Amino acid sequence: MMDKHYDPKAVEEKWYAWWESHGCFHAEPKDGGESYSIVIPPPNVTGILHMGHALNETIQDILTRWRRMQGRNVLWLPGTDHAGIATQSVVEKSLDKEHLRRQDLGREKFLERVWQWKEKYGGTIVHQQRKLGNSTDWQRERFTFDAGCSKAVTKVFVQLFKEGLIYKGPYIVNWCTHHQTALANDEVEHEENHGHLWYIRYPVVGSDKGVSGEPYRDYVMVATTRPETLPGDTAVAVNPKDERYAHLRGKKVILPLTGREIPVVEDDYVEKDFGTGIVKITPAHDPNDFLVGKRHDLPIVNVMNGDGTMNADSGRYVGMDRFVCREEIVKDLEAGGYLDHIEDYDNQVGHCYRCHKVVESRLSKQWFVKMKPLAEPAIAAVRTGEIQFVPKRWENVYFNWMENIQDWCISRQLWWGHRIPAYYLKAEIEAKAENPVFVVEETPEAALAAMREKTGNAALTAEGICQDEDVLDTWFSSWLWPFSTLGWPEQTDDLKFYYPTCDLVTAQDIIFFWVARMIMAGYHFMGQPPFRKIIIHGIVRDDQGRKMSKSLGNSLDPLELIDSYSADALRFSLALITSLETDSRVSKSKFEIGRNFATKIWNAARFMQMNLEKNPGIIDAHAIAAGDFTLDPALLRDDDRHVLWTLQSVLATMNDHLEKYRLQDGALAIYDLIWNKFCDWYLEYAKQDLSGEDEARRKQVLTLMTAVFSSALKLLHPYMPFVTEELWHQMGYGKDGESIMLAPWPTAYTPEQNQAWGLSQEIATYIDNKRELITAGRALRSDYNIAPSKLVTYLIQTVDDETARRFTSELDTLRQQLRAEEITITVGGEHLAMPCTVCKQGTIYLSLKGQVDAAAELERVRGELVKTRGFLKGVEAKLSNESFVSRAPEAIVQQQREKKVELEATIERLTKLEAAFAAAQ
RNA sequence: GGGCAAUUAGCUCAGUUGGUUAGAGCAUUACCUUCACACGGUAGGGGUCACUGGUCCGAGUCCAGUAUUGCCCACCA
C-alpha cells in the first residue's frame, strides 16, 4: 500500500538515474522527425545553482518535455561557461592562501592549476542541475573552453580579422596601479569619495593680458576633480547648445603651467548645468574624454606610468606619485593665478576590489570587433520577425542598443581564456616596439609561415615569434554557443539537423551581452538565425522585491527547497508564480503549493489503487492509459461526461498556453483539473458507485477514472516529472515499465467517441449549473440560519425544458445533497413568486419555501434589467452600423444577431420577474 | 537625463481581441479528525481594480494626465 505522504527524495533520485541511464534525454538526428532544440544558457563553471537558474531551467525543461511527448526530436544541450575573470579570481584566491601570485607560477603552471580546479569543482553546478530534473542530453555536455569551442573561437577571430572586422586600437581600461593589471568593470568597486572640485582658469588665446601672476581678463573656467591630469589636456569642451560660450567657437585656450595652446571643441557629452559648463578633455585618462577626443581627432597625451607615477610628458612633475602631483599642481596653479576657487564635492570613485587602491583610467591597446556591419542583419532579423522576442516589448530594448552599438572590446589581460591568435616578432616585443608587426592565424605554424612572408625573412623560426599575451572576453566564446556546441566549424549532422535552434530562454539582463551577439554571430557565420524565439522571463526576487544576493543574505537556495519540498514542488511552484511579464517575488512558503499538490495527486492515486485492489483484474490500466478503452453509453452519467469533457477542454487550453509560452496559465489549468474537477468533484461523486453493488458501473467508473487520471498525469509531467513518473509506474500505466516521459501527449477524443458518449458543452454546463445550484442551496440555508439537519423545501425554476428534465431525473441525488424533503421543478417565469437566489447566467432560479426578501430581489432584477437593456442597445448599435454588417465576418455578425434574440428573451423574462417581485412586495 | 514596466483581496499574483456576478494560492472565520488526502474537506468573510479626466450602451481592460514604486541605459567632469 502506498504511504499517505509522498516521499519524494528517493523517488526523484531513482528516476533521474533511470532516465539518464536509459538514454531518455539523448537525441540523435538519425531518429528523424521534426527537430526541437534549445541550448542552455551556460552557467559559469564556478557557479552554484541559484533561483535564477532554477526558474530559467524549469521553463526550458517544461518546454522540452512537452515537445518530446508531442513526438518532436528534442535536443536540450547543456554545458558551462569558462567565465574568465570569475574562474581566474577563484583560483588566485586559493593561491593567496599559499602566499603565491599567479606571476610566481608563470602562465603555464597557473593554467594547469585552473584546469585542476575545473576538474575538481567545475562539476558542481551540472550535478545540481540534475536535481532539478533537467532533461538535458548529458552526452553532449559542452564547455566554452573545450577543444571544439576553442577551435571555433580561433576560427572566428581569424575570419573576422581577415574580413577587416577586427582591429587593434587604443582604449581606456580600468587599471590597478598596485597590481599593474587591467580590471574588468565588475572588478571595480565604486565608493563614495569626499573630494573637491577645483575651478581653474584657462586663458583664451588672444587675450590682452598674459603675464603670469596676474588674473586674465579673458579666460574660461573649468571645474575638475582631477587636476593632476591637467598636463594631459588636449582640449576644453562646451555643449554646442550652450549660448553662454557661443563666442568661444573656433577659439583656442592656453593650458596653464604648460603654455600649450589647445582648442575649444563642442560636444553633446558636456552637461551645460554641471560645474561651469566647460570641461577639460584628457583623452588618455578618462573614458569619456577619450571618446570626445576620438570624435574631434584630438591628440592623446599620457602623463602617467603604470605604477601611478607621473611620466616625462607631465613636465616637472615627472616621477611624483599621482596624489603628490595633485597637490603640487594645485599649488602651482594657485601661484600662477589660475586657481579660482575650490569646492567640496562628493562623487563615486572606483577602487580595486582586491587592494582598494583608486583605480586609474589608463590608455592601452586593445582588440575590437567592428559591430555595425554585424548588427545590420541582426536588426533586420528582428524587424522582419524571423526572430521574435516573447514578450514582444523587449524588441525595443534590443533595437535601442543595436542601433547605437559601439565596437566591442574583446581583449582581456587575463590568462584563463582563449588566447588571441595574433603573433609578433619576439625581438620587437622584447624591445617594446610601439607598433610591432603581427599576423593573425589559426595555428602557430601558419603564423610562422605568414610572418616569414610578411617580413621576407625565410630563416625565421618558431622561437622568433610569440603569441599575444591577452585572452578573449568570455562572451567571445558564448556568442558562438548555438552552433559551436553542435560541432561547427565541422558540417556535422547535428548542426544540419538541430540548427537553427528553436527557443532561447533567458532573463533580460543578458540581452546585450549574449542574445544580441548570438544573433549577429548566427547570421554572420551560419547565414541563419541561431534561434527563432527568445523567451525573456523575469528575475526572481525576495518577498520585499529585492534582488537575491549573497551580500543581502536573502537568497533562497533551490537545493534547500528541493530538500524540504522536492524538485517537483520547486518547479511547479515556480511555474505557477512567475509570468513572463514581471519579476517574481518568492518566499519559502510559496513552495508549499507544489508540495501540497504532489501530496494531493499521490492520495488521489492511492484512492484509486485501493479501489482497484478491491476489484482485482477489473480493468487493464495500461490499455486504458494508452487510449484503448470503451465506455458503455448506457452506463454513462452526466458527471462522467462532464469530467471527460473537461479533460478535453483543459488539453486544448494547455496546448494553447504552452504554444504561447504561458507556462503559468498551463500550470493553473492542470492544477484546477486535477484538484477541483477530478479530486473534489469527480472522485467524490464516484464514491457512491465504487461502494455500490453494480459491478458494470464500478468497472465503468474505474475505467473512466483511469483514463482521466493517466491523461492528467501526462499533462502534468512537464511540470512535475518525478511524481508523475512514479505514479505512472505505481498505477501500471506504462507497459513493461515504459516511461511517462516518452508517452505520447494526450489528444482529444474522436468526434465519434464524443458523439457515442454524448459529450458536449451543454452537459458540462449542466453539471456546472448543478454544482452552483447545490452551492446556492447551501448558501440559502446559511443566509436564513437554517440548521444543516433540518429538512426544507426548495423550488427550482429553469428557463429551458432540457435542464428541468435533467434535474428531474436526478431528484434523489439533489434531495440528498440539498437536504430537502421536497423539491419542485418548473419551467418558465410564472410560478416563481418568491425567489431567493439566482444561479449563474440567470437561467436557473432557486428559492426556499417560506423565505423571501422580495424587496432585495426586486432591486437586483431591476439592476440586471438595466444592464441587459444597455447591452442590447450596444448589440443593436453594432447591427445597425453598416460598415460592421458589411465588413465584419459573417460568423461574427450572425453571433451578434443571435445575441440580440437571446437578450430580448432575457429582457422579457426579467420583465416578468420584475412584475412578480413587485406584486410580492 | 532617456527608455521600459508595475500599481487589482491582509500578502504574492492571474485577468489573452472592452461584455453580463473581477479570479487563484497563502493567510483568515465557522464547522468537520466522514474508511485517498488536516500538505485535507464544506461553507463563508475580505476588492470604490493607485488617482483624475476622456471615448463608449458598457472600462480592471482603450486614450490623456497625475502620483508612487521598480528596472534598464547614459552618467555630472
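What you see is a predicted model, and the numbers here were worked out from it, not measured in a lab. Within every chain, numbering begins at 1; the chains are lettered A, B, ... in the order of the sequence lines, protein sequences first and strands thereafter.
When heavy atoms are screened at a 4.0 angstrom cut-off, A:D286 is found touching no nucleic acid atom at all. Among the protein residues, A:V270 comes within range of the nucleic acid bases, having at least one heavy atom under 4.0 Å from a base atom. Among the heavy atoms of the strands lying under 4.0 Å from A:K687 is at least one base atom, whether or not backbone atoms are also near. Residue contacts for A:K280: at a heavy-atom cut-off of 4.0 Å it reaches no nucleic acid atom on any strand shown. A:G594 comes within contact range of no nucleotide atom at all, as no heavy-atom separation falls under 4.0 Å. Counting any heavy atom pair closer than 4.0 Å across all strands shown, A:S589 reaches no nucleic acid atom.
With C1' as the reference atom, B:U7 and B:G15 are 15 Å apart, rounded to whole Å. Only the P atoms considered, B:U12 is 25 Å distant from B:U17, to the nearest whole Å. The same atom, C1', is picked in B:U66 and in B:A6; the two are 16 Å apart, to the nearest Å. Here the separation of B:G47 from B:A5, taken at their C1' atoms, is 23 Å to the nearest Å. When the P atom is compared between B:C51 and B:G45, the two are found 24 Å apart, to the nearest whole Å. Taking the C1' atom of each, B:U29 and B:G46 are spaced 11 Å apart, rounded to whole Å. On the P atoms, B:U16 is 43 Å away from B:U34, given to the nearest whole Å. Taking atom P on both B:G60 and B:A22, the two are 10 Å apart, rounded to the nearest angstrom.
Remark: A:K600 is not positioned above the aromatic ring of A:Y671, lacking an NZ or CZ atom under 6.0 angstrom from the ring centre and at most 45 degrees off the axis.
Checked against B:A36, B:G25, B:C39, the side chain of A:Y671 finds its nearest nucleotide in B:G25. Checking B:A36, B:A14, B:G25 against the side-chain heavy atoms of A:Q664 singles out B:A14 as nearest. Nearest nucleotide to the side chain of A:V279, out of B:C72, B:U42, B:A77: B:A77. When each of B:A36, B:G3, B:G40 is scored by its nearest atom to the side-chain atoms of A:N596, the top-ranked nucleotide is B:G40. The nucleotide whose nearest atom lies closest to any side-chain atom of A:N400 is, among B:G25, B:G3, B:C37, B:G3. Nearest to the side-chain atoms of A:I593 among the listed nucleotides B:G41, B:G25, B:A36 stands B:G25. Checked against B:C37, B:C71, B:A14, the side chain of A:Q508 finds its nearest nucleotide in B:C71. Closest approach to the A:R606 side chain among B:C72, B:C37, B:C39 is made by B:C37 (side chain taken as heavy atoms from C-beta onward).
Taking only side-chain nitrogens and oxygens, A:Y269 comes nearer than 4.0 Å to OP1 or OP2 of B:C76. Look at A:W675 and you'll find a side-chain N or O under 4.0 angstrom from OP1 or OP2 of B:G41. Taking 4.0 angstrom as the limit, A:N404 places none of its side-chain polar atoms (N or O) nearer than this to OP1 or OP2 of B:C73. Phosphate contact (OP1/OP2 of B:U12, side-chain N/O of A:R585, threshold under 4.0 Å): present. Taking 4.0 angstrom as the limit, A:N288 places a side-chain polar atom (N or O) nearer than this to OP1 or OP2 of B:C76. In this model, the phosphate group of B:G41 is approached by a side-chain N or O of A:K600 to a distance below 4.0 Å at OP1 or OP2. Under 4.0 angstrom from either OP1 or OP2 of B:C39 there lies no side-chain N or O belonging to A:R595.
Looking at A:R662 and A:D656, a side-chain N of the basic residue comes within less than 4.0 Å of a carboxylate O on the acidic one, giving a salt bridge. Residues A:E395 and A:R393 are not paired through a salt bridge, judged by the lack of any N-O separation under 4.0 Å between the basic side chain and the carboxylate.
Tested against A:Y6, the residues A:Y565, A:F597, A:W602 include a single ring pair (Phe, Tyr, Trp, His ring centres under 6.0 Å) partner, A:W602.
With hydrogens and angles ignored, a donor-acceptor pair under 3.5 angstrom links the side chain of A:E684 to the base of B:A36.
Taking atom CD1 of residue A:I539 and atom P of nucleotide B:A5, one finds them 16 Å apart after rounding to whole Å. In this structure, NZ of A:K590 is placed 12 Å from P of B:C11, rounded to the nearest angstrom. Residue A:L574 contributes atom CG, which lies 19 Å from atom P of B:G25 at whole-angstrom precision. Put simply, CD on A:E592 is 13 Å from C1' on B:A38, counting in whole angstrom units. As a whole-Å value, the separation of A:D267 CG from B:A74 P is 17 Å.
Comparing A:A223 and A:L683, the nucleotide of RNA chain B nearest to each residue sits closer to the 5' end for A:L683. Each of A:K614 and A:D289 has a nearest nucleotide on RNA chain B; the 5'-most of these lies closest to A:K614.
More than 12 heavy atoms of other residues, nucleotides or ligands shown are found within 6.0 angstrom of CZ on A:F399.
The minimum heavy-atom distance linking A:I172 with A:S361 is given by the pair CG2-CB, 3.6 Å. Across every non-hydrogen atom of A:G232 and A:P283, the tightest pair is O-CD, 4.0 Å. Contact between A:M654 and A:I670 at its shortest, heavy atoms only, is SD-CB, 3.9 Å.
Residues A:D233 and A:T282 bring a donor and an acceptor atom of their side chains to less than 3.5 Å of each other.
For the strand RNA chain B, secondary-structure stems (runs of at least three Watson-Crick or G-U pairs, all distances below 3.5 Å) span B:1-7 with B:67-73, B:10-13 with B:23-26, B:28-32 with B:40-44, B:50-54 with B:62-66.
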Open item on the list: side-chain hydrogen bond (donor to acceptor under 3.5 Å, both in side chains) for A:K9 and A:S566? Distances and angles first, verdict last.
Closed with: CA-CA 7 Å; A:K9 277 204 186 75; A:S566 84; over 6 Å; no
